[in-house]
Amino acid sequence: MKRKISFLIAITFIAVSYSQNNISCKVLKNWKIQSSIKIDENNIHTALYDDSSWIETEVPSTVFNALVKNRIYKDIYLGKNLAKISKDIFKASWWYRTTFDIENLNQTHLLELEGINYSANIWLNGKQIANRKEIINSFRQFKLPIDKYLKKSKNVLAIEVFPPKPGDFTLGFVDWNPEPPDNNMGIFRNVNIITNNGVGIENPYVESSFKNENYKMTDLIFSTNLQNYGKDINGVLKIEIGNITINKNVSLKKGENKKIVLSTKNFKQLQISNPKLWWPHTIGKPELYNAKVEFLANNKLVDKKIFDFGIREVSDFFTEDGHRGFKINGKKISIRGGGWVDNIMLDDTDDYIQSQLEYVTDMNLNTIRLEGFWGKNHTIYEKCDKMGILVMVGWSCQWEWESYLGKPVDEVYGGIQSPEDIELMSAAWRDQVVWLRNHPSIFTWMAGSDCKPTPALEKEYFKIFKEYDSTRIYLSSAKEWTSLAGPSGVKMRGPYAYVPPVYWFKDTIYGGAFGFNTETGPGAQVPPLESIKKMIPEKDLWPINDVWDYHCGRNAFNTLERFTEALNNRYGKANNVEDYTFKAQLLNYELMRPMFEAFSANRYDATGVIQWMLNSAWPEMYWQLYDSYLMPNGAYYATKKAGMPIHALYNYNNESIYLVNDKLEDENELKLEIKVLDINSKVIFEKKLNTNAESNSSNTLFKLQEIADLTDTYFLSLKVLNTKDEEIDNNFYWLSKKEDVLDYEAKVPKWNYHTPSKHYSDFTQLENLQKVKLSYEVIKTESEEFTNFEVTLDNPSDKIAFFIELKIVDTETGLSILPVVWSDNYISILPGETRAYKAKIKKKHLSNKETKFVYNGWNANI
């Protein structure tokens, strides 16, 4: 079992439940909530009860989210307002109540509960149909038969939700942000009424097998469970996939649950030639198919499910040093990703998720990691399927630390230890796997984060994989543990705080560019000033104080001290909040780009890296490529630059120039232009090379020799041109003769992985850059979905226009219109150079606003 799981080749044809349509799936709406402290529970679950004084909400919604939406709490993200909210009212249970009509009592009806935090009593029309000992755990899911409780007229559903208590395996945000005062108590996923005509199609699933790495042929395996809720029945299971139609006669006894498996052994049409493969967006097209599954009896429809699916194979490999890497459809892929988190109140809208995932693809990232089964529905997974974004899914580390879980834990195995806990969380794992397994974007299950599962728990997981999904790579942990499955083959050694650019190329001990780093990054990413002003009251904007600290992480990460120390040493101490936040973007960019570049350049000794994190659960200063207002920071554009499909980059450690081809096709007859400029913008070195770029490769092209006349701060410009002399990549560095020196002997807290600096590079000469006045032209056009802006910037001077920020703003407020996608940003323009940039904004986000292009820059003369 050890090697079988560790080296698992995940060969699968994944079914995606975009709309797992039963004959009817009604999402219950028009809910009201109230604290159990404030109500008389007599008749609460009947039509007689007067709930006019209750608080209106919709489900999904946590209790706290409902109160905020009803303006009971205001401006919760400003300053330290969130910390002022008492937790007392969330210690008692809260009632959720709604009504619904049923048209046909002769059908079968089920109450489906997709996610309740943390336990609940369920009442329907005055009858208790389940209690809190049965409906328990955030990640369990339930379908309850309710026909005997239903009425033809108005039906009343009342759910008493109890908050998680210490020791419960609940939702949580660890040290990423403050804990919401209700601990995310409530109904955080849909409550549905499922209807069929006596037989339910349960959990349809399709796998495929590629023989001998032949991706021109696949054998499909379709499976589903049929649950008979009525009398004995004979029927036909009908499956349609494209032009394939299969009919299978099925007999079901009263109450029987039968698993049906169809394969090429009995249905030759399940063999597909030249299948359209699902690929990550960076290397191919995420092709999806459509399928329809029906059960019919006497030529009448009994139940139906419709879903999309993708055909792809996930497999892994190990380097000579024992590090794990991943393949998609037989091709090695350099994983570039970020850690995803939902909003602190679990209220992400579909549009908000869409905008974030568009940012992911714009940044040339191919992966997101979800620590914890996040999402209030399937939306994020469905969109990742369509957009070609890989997803890593796994449990949260909060159950592995006593301070978060609220009961003793084992430093190796975490908090899931007792037979009762193992039984509970195995069931939760099963429910989540079955709920999510139909998405081709998910390529790995992670059973732990900082720890690994106990052997007893892991054996239960193996049983679940064997029965429900043996198609993906299993990781016992995000850390380099060895479990019953063998070595995880991944590492989690940080850093989580400031390290200089050279670290990623130089370090061979901790988080440097070798192996697969499941979570890491240079720490804080302070947002631009206009976001700071939205979260910090004006009186607290400067100097940095405890209000800023509150908008950092928790524990060891509740300060900007390390970030500010680096900023002061590298760029000079900031004079005011405007100076600080702009210099912060320069530091964000400088620190983030080399992390992704180093892992790309060192492929496949380095197999992947997950930036900790991609986004934030609330307005803050830490671990984000864009903030919760959807404002990109300097690290966003550094990430985008580092992930360009054809990319020239600089190795800070050996001073060499690399050329990376991230695509699966060769690129030949390329030209590389190298320029070194001094602080006065004078070219002091220039080199042109002709080269080819083999597919999915990284090669060293040139080593910068000692250059005469280097100033203390100098610049490096790299450009790649194709056969048509069109620029397909440009990369601009500011460098220092004073090297960064790391202090590996320094003592730091165990879980504050951070290698301090003995000496910092010095860029203070940048303060003396001569001001440059740019001219520009903006052409605005309209497409069906977008308003498009093409900005041409001209630098007529003989000086570099350094680190220029481009914005499209609302003319009335002066604030950036968000979300926005720029072709590039925080750019530098060489003397005499003219460059064009594009921006696009969805029309629905403009709301008839008047727009204006503005720019700012390090040495821009506005």
Side-chain angles (χ1 to χ4, degrees), residues 280-284 319 325 331-336 363-366 501-506 512-514 589-590 592-609 637-677 683 685-707 714-735 823-824 827-828 830 833 835:
H281 75 98
T282 52
I283 56 176
T319 69
K331 301 294 185 181
K332 290 181 179 179
I333 181 169
S334 179
I335 298 292
R336 297 189 302 274
M363 282 186 284
N364 300 307
L365 297 177
N366 54 33
V502 71
Y503 172 90
W504 305 103
F505 292 94
K506 189 180 185 68
F514 63 94
Y589 197 111
E590 186 202 10
M592 187 59 65
R593 176 175 53 180
M595 182 184 79
F596 283 108
E597 286 186 336
F599 275 84
S600 183
N602 287 356
R603 67 181 66 193
Y604 278 95
D605 291 327
T607 58
V609 59
Y637 296 104
T639 300
K640 178 172 181 171
K641 181 68 66 178
M644 293 294 291
I646 303 294
H647 186 55
L649 63 91
Y650 173 73
N651 183 323
Y652 283 82
N653 186 42
N654 63 21
E655 300 179 322
S656 294
I657 310 299
Y658 290 62
L659 184 63
V660 172
N661 181 358
D662 195 54
K663 302 191 296 183
L664 297 183
E665 303 84 29
D666 295 345
E667 287 284 337
N668 297 320
E669 301 181 47
L670 300 175
K671 298 176 183 178
L672 172 64
E673 295 183 355
I674 305 169
K675 286 185 180 180
V676 178
L677 301 91
V683 177
F685 177 83
E686 190 169 6
K687 181 76 173 179
K688 295 183 179 180
L689 298 172
N690 295 319
T691 186
N692 298 322
E694 184 181 351
S695 67
N696 201 5
S697 70
S698 169
N699 291 290
T700 306
L701 294 187
F702 188 77
K703 180 176 175 60
L704 289 178
Q705 306 298 324
E706 186 172 336
I707 299 172
Y714 59 100
F715 305 101
L716 171 65
S717 170
L718 304 176
K719 296 180 181 179
V720 181
L721 292 79
N722 63 16
T723 55
K724 299 178 181 178
D725 280 337
E726 298 168 329
E727 183 182 281
I728 58 175
D729 181 56
N730 75 84
N731 206 0
F732 188 84
Y733 296 85
W734 49 103
L735 302 170
S823 59
D824 200 0
I827 48 92
S828 296
L830 297 181
E833 191 174 46
R835 303 193 66 84

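Judged as a side chain to side chain contact (heavy atoms under 4.5 Å, CB included), and not counting sequence neighbours, the contacts of Lys331 are Trp279, Leu664. A search for side-chain hydrogen bond (donor to acceptor under 3.5 Å, both in side chains) contacts involving Tyr733 returns Glu597, Asn731, not counting sequence neighbours. By the ring pair (Phe, Tyr, Trp, His ring centres under 6.0 Å) test, Phe715 is found to be paired with Phe732, Phe802, residues two or more places apart in sequence or in another chain being considered. Residues that satisfy the side-chain hydrogen bond (donor to acceptor under 3.5 Å, both in side chains) test with Glu833, not counting sequence neighbours, are Lys719, Arg835. Under the rule for a side-chain hydrogen bond (donor to acceptor under 3.5 Å, both in side chains), the partners of Asp729 that lie at least two apart in sequence or sit in another chain are His647. With sequence neighbours excluded, the residues satisfying ring pair (Phe, Tyr, Trp, His ring centres under 6.0 Å) with Phe514 are His323. Among residues two or more places apart in sequence or in another chain, the side chain to side chain contact (heavy atoms under 4.5 Å, CB included) test is passed with Gln705 by Lys703. By the side-chain hydrogen bond (donor to acceptor under 3.5 Å, both in side chains) test, Asp662 pairs with Arg336, Arg603, sequence neighbours left out.
For the pair Thr639 and Arg593, the minimum side-chain heavy-atom distance is 4.5 Å or more. Side-chain contact check for Phe702 versus Ser656: every heavy-atom pair is 4.5 Å or farther apart. Residues Tyr589 and Trp734 are in side-chain contact: their nearest non-hydrogen atoms beyond the backbone lie under 4.5 Å apart. At a threshold of 4.5 Å between non-hydrogen side-chain atoms, the residues Thr700 and Ile657 do not count as touching. A heavy-atom distance below 4.5 Å is found between the side chains of Leu659 and Thr691. Residues Thr607 and Thr319 are in side-chain contact: their nearest non-hydrogen atoms beyond the backbone lie under 4.5 Å apart. Ile333 is listed as a side-chain neighbour of Asn366, based on a closest heavy-atom distance under 4.5 Å. In this structure, the side chains of Leu365 and Phe596 come closer than 4.5 Å at one or more pairs of heavy atoms.
Between Tyr650 and Leu704, the closest heavy-atom pair is CE1-CD1, 3.9 Å. Residue Ser334 comes nearest to Tyr604 through the heavy atom pair N-OH, 3.2 Å, listed as atom of the first residue, atom of the second, then distance. Among all heavy-atom pairs drawn from Lys641 and Asn730, the shortest one is NZ-O, 2.8 Å. Among all heavy-atom pairs drawn from Ser698 and Ala601, the shortest one is OG-O, 2.8 Å.
Between the side chain of Asn722 and the backbone N or O of Glu726, at least one donor-acceptor pair lies under 3.5 Å.
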Show me the side-chain donor-acceptor pairs of residues 665-677 shorter than 3.5 Å, one per line, residues at least two apart or across chains.
| from | atom 1 | to | atom 2 | distance (Å) |
| --- | --- | --- | --- | --- |
| Asp666 | OD1 | Ser695 | N | 2.7 |
| Glu667 | OE2 | Lys663 | NZ | 2.5 |
| Lys671 | NZ | Asp725 | OD1 | 2.9 |

Discussion item. What verdict does the side chain to side chain contact (heavy atoms under 4.5 Å, CB included) test give for Val609 and Met595, after you've listed the backbone C-alpha separation in whole Å, the side-chain angles of each residue and the deciding distance to 0.1 Å?
Written reply: CA-CA 8 Å; Val609 59; Met595 182 184 79; 4.2 Å; yes
Item to complete: Start with the C-alpha distance between Tyr658 and Asn651, add both sets of side-chain angles, then the distance that settles side chain to side chain contact (heavy atoms under 4.5 Å, CB included), and finish with yes or no.
Response: CA-CA 7 Å; Tyr658 290 62; Asn651 183 323; 3.2 Å; yes
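Side-chain contact check for Tyr637 and Asp824: no donor-acceptor pair (N or O, by modelled atom type) lies under 3.5 Å.
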